[in-house]
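All chains are named by letter (A, B, ...) in the order of the sequence lines, taking the proteins before the strands, and each is independently numbered beginning at 1. Hydrogens, waters and symmetry mates play no part in the numbers below; they use all other heavy atoms, side chains included. Since the model is a prediction, treat every value here as computed from it, not as a measurement.
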Amino acid sequence: MPEGHTVHRLARTFTDLFGHQALDVTSPQGRFAAGAALICGHTLVASEAWGKQLFLGFAPPSPSPTETPDPTAWLRIHLGLYGAWTFSTDGSTAVVHAIGAPRRRIGERETTLPGQDVGPFGGVWVPPEPRGAVRVRLRGAHAVADLTGPTACEVITPAEKAAVEARLGPDPLRPDGGHASVDAAREAFVAKVRRSRVSAGQQLMDQSVIAGVGNIYRAEALFRAGLDPLRPGRDVDAGTLRALWDDVLGLLHDGVAHGAIVTTRPEHRGIDESPVPQPPGRRRTRQNGDGAPGAVPEDQSLYVYHRDGLPCRVCGTPVLTKDLAGRSLYWCPACQR
DNA sequence: GCTGCATGATGAG
DNA sequence: TCATCCTGCAGCA
């Protein structure tokens with residue numbers, strides 16, 4: 001799944017492509033037909049992310065176009081493991097993203113797309129047919145967004161949105177961390193981790209502890225912190241956790257900026273040409289970034305995630321993996337204590 | 001063509 | 001801890 005950085009990028013993309021527009025909302029697949037009808041024709045007036053949750057705020061068309069009304073309904077989306085948004089535009093919008101699940105499809109890379117077909121009457125844009133099981137299609141003046149495979153897709157009230165947010169931990173990417181202040185958000189994270197004997201690795205994946213961290217950022221941030229993922233939270237000193245929060249913030253921020261997760265420092269890249277053969281059929285991190293020129297190559301972006309059996313980029317010790325609460329954990333047993 | 005996997009979360013036992 | 005849900009695609013035969 002997209003981790004927090006991706007969802008924040010998505011929130012921005014929705015503002016760019018659809019902000020202040022009355023949207024046609026449909027469910028080509030049919031499973032969301034009732035929900036779509038609730039907001040169809042309403043105006044997108046807000047687009048927010050909190051951790052991995054995306055909230056699109058809608059209000060009935062306003063008689064006063066100069067004023068942005070508060071949302072009366074929110075579309076809550078959680079992409080889960082497989083969810084993805086695919087965007088198409090009429091070409092008038094410079095950049096389009098296709099953001100979501102860890103896979104690549106034609107038209108799903110983050111690139112500038114050529115203009116779509118011109119309609120039969122000239123200049124009338126005809127969006128492409130929905131491809132696959134499209135739960136929701138949002139259509140604005142110049143773009144469509146198709147959603148497939150979400151874990152959550154529902155229309156909720158402002159009160160229900162508040163209830164969802166109340167269950168989430170602080171999100172480093174939110175301006176105030178989702179708390180009274182960034183400092184309060186960080187201290188809430190530190191305190192919660194230290195309150196429990198559950199391992200640091202498991203707690204980092206707990207969205208009520210810190211929102212937005214997924215399996216890649218977990219593995220990478222713990223490596224960069226030199227912290228053993230299996231160490232009980234209560235045994236990690238507060239300073240280490242504060243530094244961990246700050247590092248996660250930086251990594252997420254870079255992820256938002258570049259659309260890719262890159263955690264390696266320059267001096268630790270380019271050393272993968274080791275004699276260690278890649279096992280055949282080895283699963284690898286799939287979509288991560290846009291392959292832009294100058295971008296860090298995918299096989300040099302990460303320290304430990306999906307690198308089990310390969311030598312640690314820092315000390316050469318083979319990277320280990322282990323199932324932890326149903327998710328694969330990766331770490332260097334020598335660097336992480 | 002078929003199978004297993006994936007950057008996730010939830011509910012039951 | 002397990003089963004389950006959501007979907008597309010890579011890796012096979």
Q: Go through B/dG8, B/dA6, C/dT7 for me and flag the one nearest to the A/Arg135 side chain.
A: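 Nearest nucleotide to the side chain: C/dT7.
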
Q.
As a test of reading the structure: which of B/dA6, C/dG8, B/dG8 is closest to the side chain of A/Met205, going by heavy atoms?
A.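 Comparing B/dA6, C/dG8, B/dG8 against the side chain of A/Met205, the answer is B/dG8.
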
Distance check needed: [N] [atom2] versus [X] [atom1], whole Å only.
X        : N      : atom1 : atom2 : value
A/Leu81  : C/dA10 : CG    : C1'   : 16 Å
A/Gln202 : B/dG8  : CD    : P     : 14 Å
A/Leu204 : B/dA9  : CG    : P     : 13 Å
A/Ile216 : B/dA6  : CD1   : P     : 11 Å
A/Leu168 : B/dG8  : CG    : P     : 14 Å
A/Leu324 : C/dT1  : CG    : P     : 9 Å
A/Tyr305 : B/dG8  : OH    : C1'   : 12 Å
A/Lys52  : B/dA9  : NZ    : P     : 4 Å

Q: With heavy atoms under 4.0 Å as the rule, sort A/Glu220 into base, sugar-phosphate or nothing.
A: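 Nothing, no nucleic acid heavy atom in range.
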
Q) So what does A/Arg327 touch, heavy atoms closer than 4.0 Å: a base, only the sugar-phosphate, or nothing? A)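 Touches a base.
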
Taking 4.0 Å as the cut-off, does a side-chain nitrogen or oxygen of [X] come that near to OP1 or OP2 on [N]?
X        : N     : result
A/Arg31  : C/dT7 : yes
A/His78  : B/dG8 : no
A/Arg167 : B/dA9 : no
A/Gln207 : B/dG8 : no
A/Gln29  : C/dT7 : yes

Q | Distance, P atom - from B/dT10 to C/dG8, rounded to whole angstrom | A |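 23 Å, rounded to whole Å.
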
Q: Using the P atoms only, state how far C/dC5 lies from B/dG13, rounded to an integer number of Å.
A: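 Straight-line distance between the two P atoms is 15 Å.
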
(Q) Does any part of the side chain of A/Leu79, heavy atoms only, come nearer than 4.5 Å to the side chain of A/Leu10, both counted from C-beta? (A)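 Heavy-atom side-chain distance check passes, below 4.5 Å.
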
(Q) Could you tell me if the side chain of A/Val256 sits less than 4.5 Å from the side chain of A/Arg12, heavy atoms only? (A)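 With C-beta onward as the side chain, the pair touches.
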
Q. Does A/Arg218 offer a backbone N or O that forms a donor-acceptor pair with the side chain of A/Tyr305 under 3.5 Å?
A.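 Side chain of A/Tyr305 to backbone of A/Arg218, a donor-acceptor pair under 3.5 Å: no, none is there.
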
Q: Would you please classify the geometry between the A/Tyr217 ring and the A/His5 ring as parallel, tilted or perpendicular, with 30° and 60° separating the classes?
A: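 Ring orientation, 0 to 90° scale: perpendicular.
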
Q | NZ/NE/NH1/NH2 to OD/OE distance under 4.0 Å, A/Glu220 and A/Arg224 | A |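 Judged by the 4.0 Å cut-off on N to carboxylate O distance, A/Glu220 and A/Arg224 do not form a salt bridge.
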
